[in-house]
J.: 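One structure coming up, written as C-alpha cells, with questions to follow.
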Amino acid sequence: MTLTDKEQTVAAAFERELITLPFHQIAPLYLVSEHKKASVKYKLIASSIQETGLVEPIVVARDQHNKSQYTLLDGHLRLEVLKDFGHDHTRCLVSTDDEAYTYNKRISRLAPIQEHKMILRALSLGVPEARLANALNINVKTLQQKRQLLDGICEEAADLLKDKQVALTGFRILKKMKPIRQIEAAQLMVAMNKFTINYARSLLAATPEALLVSAATPKKIKGISREQLDLMERESANLEREVRLVEENYGTDHLELVLARGYISKLMSNEPVIRYLSLHHDEFLPAFEKIVEKEAFAT
C-alpha cells in the first residue's frame, strides 16, 4: 500500500524564508525585568551579540487577527539585548504554529567537552583568544582552561563524558587519576547520573594510591584518617562491582518485571480469579492490588 501525495505531505513548522521586522511589530509574551538583565545568561548573550552579531534569529508567529503584528515566541533576552544596543529591527524566523513554547525545554545544553571542541575549532580558524573570550563572556585564563580541558584525560573517559555536564573542577579531579581509574570513575558517574564536584572528590578519595598519578605521595584529605580512606576504597570497589552487575542484568530484569506486572494486571481483571484468591490465597491479594495500582499510576 502506498501513501498518496497528500498523505505524504508534512506541514512545515516554520516558513522557509527569514523576515526582517521592526520591533514595534513584535509583541513579547513577557517583559524582561532588570533583575533578569543583571543575570549571567543575559550578559553572555550580550557579549556574544556584541562580538559576533545575532547568530540565532528570534522566533515569532503571525497574529491571526492582525497580519502586520507578530507574537514573540522565543528570544526575549536577545530582543532586549538588541534594543539595549540601539537596534530597531531584526531578522526573525516565522513559526506556523502560534503556540507559545521555549526551545530551552527541547535542547541539550552544550556540554563542557563539546564547548572545548568548539573552542579548539575556533582557535584553529584563527579567532583571537581575547575575542573568543569576550564572545563567551569569560576571561582569557578561563578560556585557556577550557581549551586544555582534556589534557591528561584518557580518550575512553572523555568519550563517556562527552555529552555530560561535568564542571572544570571535575575534570581537574579526574586528571589526578590514572587512565584505568578515570574510565572507572566516568562509568560510575554515568551509571549514577551524578557529575557533581563533590561526587568526583568522593571517587578520588576512594581511589587506591596505586591508581593515582602521583602514587608516591600518600593521600591526605582533611578530616579523614588513613583507616577511613582504606574503608572508602573497599566500599567504592564493592559499589563498582554491584553497579556493573546491575547494568548487566538490568535489561532482562526490567523486561521480566514488565511482563509479570502485565500478567498480574490481567489476572486481577478476572473476577473468578479474584474470588479464588480471596478464598484460598487471600495473603496475595493486597500485594497484587498494589502492583496493579502502580501500573495504573505509571500509565
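Throughout, residue positions are numbered sequentially from 1 according to the sequence presented.
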J.: Looking only at atom types and distance, does a side-chain atom of Ser48 sit under 3.5 Å from a main-chain N or O of Leu44, one as donor and one as acceptor?
T.: no

J.: Looking at OG1 of Thr71 and CD1 of Ile26, how far apart are the two atoms once the value is rounded to the nearest 0.5 Å?
T.: 10.5 Å

J.: Can you check whether Ala210's main-chain N or O pairs, donor with acceptor, with Lys178's side chain at less than 3.5 Å?
T.: yes

J.: Following the transitive rule for hydrophobic clusters with a side-chain heavy-atom cut-off under 4.5 Å over Ile, Leu, Val, Met, Phe, Trp and Tyr, establish whether Leu120 and Met118 coincide in one cluster.
T.: no

J.: Mind checking ring-ring contact (aromatic ring centres under 6.0 Å, His included) for Tyr263 and listing every partner two or more places apart, or none if nothing turns up?
T.: none

J.: Does atom CD of Glu283 have more than 12 heavy-atom neighbours, drawn from other residues, nucleotides or ligands, at distances under 6.0 Å?
T.: yes

J.: Would you say that Arg62 contacts Tyr70 through its side chain, given a criterion of any heavy-atom pair below 4.5 Å between the two side chains?
T.: yes

J.: Quick one: does any side-chain atom of Ser265 pair with a main-chain N or O of Gly262 as donor and acceptor, under 3.5 Å?
T.: no

J.: Identify the two heavy atoms, one from Gly152 and one from Gln182, that lie closest to each other, and give their separation to 0.1 Å.
T.: O-NE2, 2.9 Å

J.: Is the shortest heavy-atom distance from the side chain of Glu129 to the side chain of Leu123 under 4.5 Å?
T.: yes

J.: Are Glu184 and Met177 packed together at the side-chain level, in the sense that at least one heavy-atom pair is separated by less than 4.5 angstrom?
T.: no

J.: Tell me the closest heavy-atom pair linking His87 and Phe23, and the distance in Å.
T.: O-CE1, 2.9 Å

J.: In the structure I gave you, are the side-chain heavy atoms of Glu289 and Met268 within less than 4.5 Å of one another anywhere?
T.: yes

J.: As an exercise, state the distance from CG of Leu259 to CZ of Arg261, rounded to the nearest 0.5 Å.
T.: 10.5 Å

J.: Are there more than 12 heavy atoms of other residues, nucleotides or ligands under 6.0 Å from atom NZ of Lys164?
T.: yes

J.: Under 3.5 Å, which donor-acceptor pairs link side chains of residues 270-280 to any protein atom two or more places apart or in another chain?
T.:
unit_1 : atom_1 : unit_2 : atom_2 : d
Asn270 : OD1    : Val273 : N      : 3.4
Ser278 : OG     : Ile274 : O      : 3.2
Ser278 : OG     : Arg275 : O      : 2.7

J.: If you apply the rule side-chain contact (heavy atoms from CB on, under 4.5 Å), what do you find for Val60 with Leu73, and how did you get there?
T.: CA-CA 5 Å; Val60 298; Leu73 300 181; 5.9 Å; no

J.: Would you kindly confirm whether Leu79 and Tyr30 end up in one hydrophobic cluster when ILVMFWY residues are joined by side chain heavy atoms under 4.5 Å apart?
T.: yes

J.: Count I, L, V, M, F, W, Y as connected when their side-chain heavy atoms are under 4.5 Å apart, and connections chain through other members. Are Ile19 and Ile58 then in the same cluster?
T.: yes

J.: Check this for me, if you would: do Arg147 and Asp151 make a salt bridge, where the nitrogen-to-carboxylate-oxygen distance has to be below 4.0 angstrom?
T.: no

J.: Between Asp88 and Lys83, is there a side-chain N and carboxylate O pair less than 4.0 Å apart?
T.: no

J.: Show the nearest heavy-atom pair for residues Cys92 and Leu21, with the distance to one decimal.
T.: SG-CD1, 3.9 Å

J.: Ile173 and Arg201: side-chain contact (heavy atoms from CB on, under 4.5 Å), yes or no, with the steps?
T.: CA-CA 7 Å; Ile173 293 170; Arg201 285 174 178 157; 3.4 Å; yes

J.: Taking Lys175 for the side chain and Leu149 for the main chain, is one N or O donor matched with an acceptor at less than 3.5 Å?
T.: yes

J.: Would Leu161 and Leu174 count as a side-chain contact (heavy atoms from CB on, under 4.5 Å) if you check the C-alpha gap in whole Å, the side-chain angles of each, and the deciding distance to 0.1 Å?
T.: CA-CA 11 Å; Leu161 301 174; Leu174 288 176; 3.7 Å; yes

J.: In Å and rounded to the nearest 0.5 Å, what is the CZ to NE2 distance from Phe288 to His281?
T.: 9.5 Å

J.: Go through the structure and list residues passing side-chain hydrogen bond (donor to acceptor under 3.5 Å, both in side chains) with Glu156, not counting sequence neighbours.
T.: none

J.: Taking Glu155's backbone N and O only, do any of them form a donor-acceptor pair with Asp159's side chain (distance below 3.5 Å, no angle check)?
T.: no

J.: Side-chain heavy atoms under 4.5 angstrom apart, residues restricted to Ile, Leu, Val, Met, Phe, Trp, Tyr: same cluster for Val166 and Met192?
T.: yes

J.: A side-chain contact here means heavy atoms from C-beta on lying under 4.5 Å apart; do Leu150 and Ile113 qualify?
T.: yes

J.: Please confirm whether the backbone N or O of Leu29 pairs with a side-chain atom of His76, one donor and one acceptor, at under 3.5 Å?
T.: yes

J.: Would you mind reporting whether Cys154 and Ile183 have side-chain heavy atoms less than 4.5 Å apart?
T.: yes

J.: Apply ring-ring contact (aromatic ring centres under 6.0 Å, His included) to His116 and list each qualifying residue two or more places apart in sequence or on a separate chain.
T.: none

J.: Between Gln148 and Gln145 (side chain of the first, backbone of the second, donor and acceptor by atom type, cut-off under 3.5 Å), is there such a pair?
T.: no

J.: Looking at residues at least two apart in the chain, or sitting in another chain, which of them share a side-chain hydrogen bond (donor to acceptor under 3.5 Å, both in side chains) with Thr196?
T.: none

J.: So how far is it from Ser47 OG to Ile45 CD1, rounded to the nearest 0.5 Å?
T.: 10.0 Å

J.: Dump the intermediate steps for side-chain contact (heavy atoms from CB on, under 4.5 Å) on Ile119 and Leu143, then the final yes or no.
T.: CA-CA 8 Å; Ile119 288 171; Leu143 178 72; 3.7 Å; yes

J.: Compare every heavy atom of Ala158 with every heavy atom of Ile153, then report the nearest pair and how far apart it is.
T.: CG2-N, 4.0 Å

J.: Leu77, Phe85: one ILVMFWY side-chain cluster at the under-4.5 Å cut-off?
T.: yes

J.: Below 4.0 angstrom, N of the basic side chain to O of the carboxylate: do Glu80 and Lys36 qualify?
T.: no

J.: Does Arg78 use its side chain to pair, donor to acceptor, with the backbone of Ala46 at less than 3.5 Å?
T.: no

J.: Less than 4.5 Å apart, side chain to side chain, heavy atoms only: is that true for Lys146 and Ile138?
T.: yes

J.: Output the distance between atom OG (Ser202) and atom CD1 (Ile197), rounded to the nearest 0.5 Å.
T.: 12.0 Å

J.: Tell me, do Lys176 and Leu204 make a side-chain contact under 4.5 Å, heavy atoms counted?
T.: yes

J.: So, for Leu72 and Pro28, which heavy atoms are closest and what is the spacing to 0.1 Å?
T.: CB-CA, 3.8 Å

J.: Give the minimum heavy-atom separation between Met189 and Ala200, together with the two atoms involved.
T.: CE-CB, 3.6 Å

J.: Is a side-chain N or O of Thr207 found less than 3.5 angstrom from the main chain of Leu203, in a donor-acceptor match?
T.: yes

J.: Mind checking what makes side-chain hydrogen bond (donor to acceptor under 3.5 Å, both in side chains) contact with Ser68, not counting sequence neighbours?
T.: Asn66

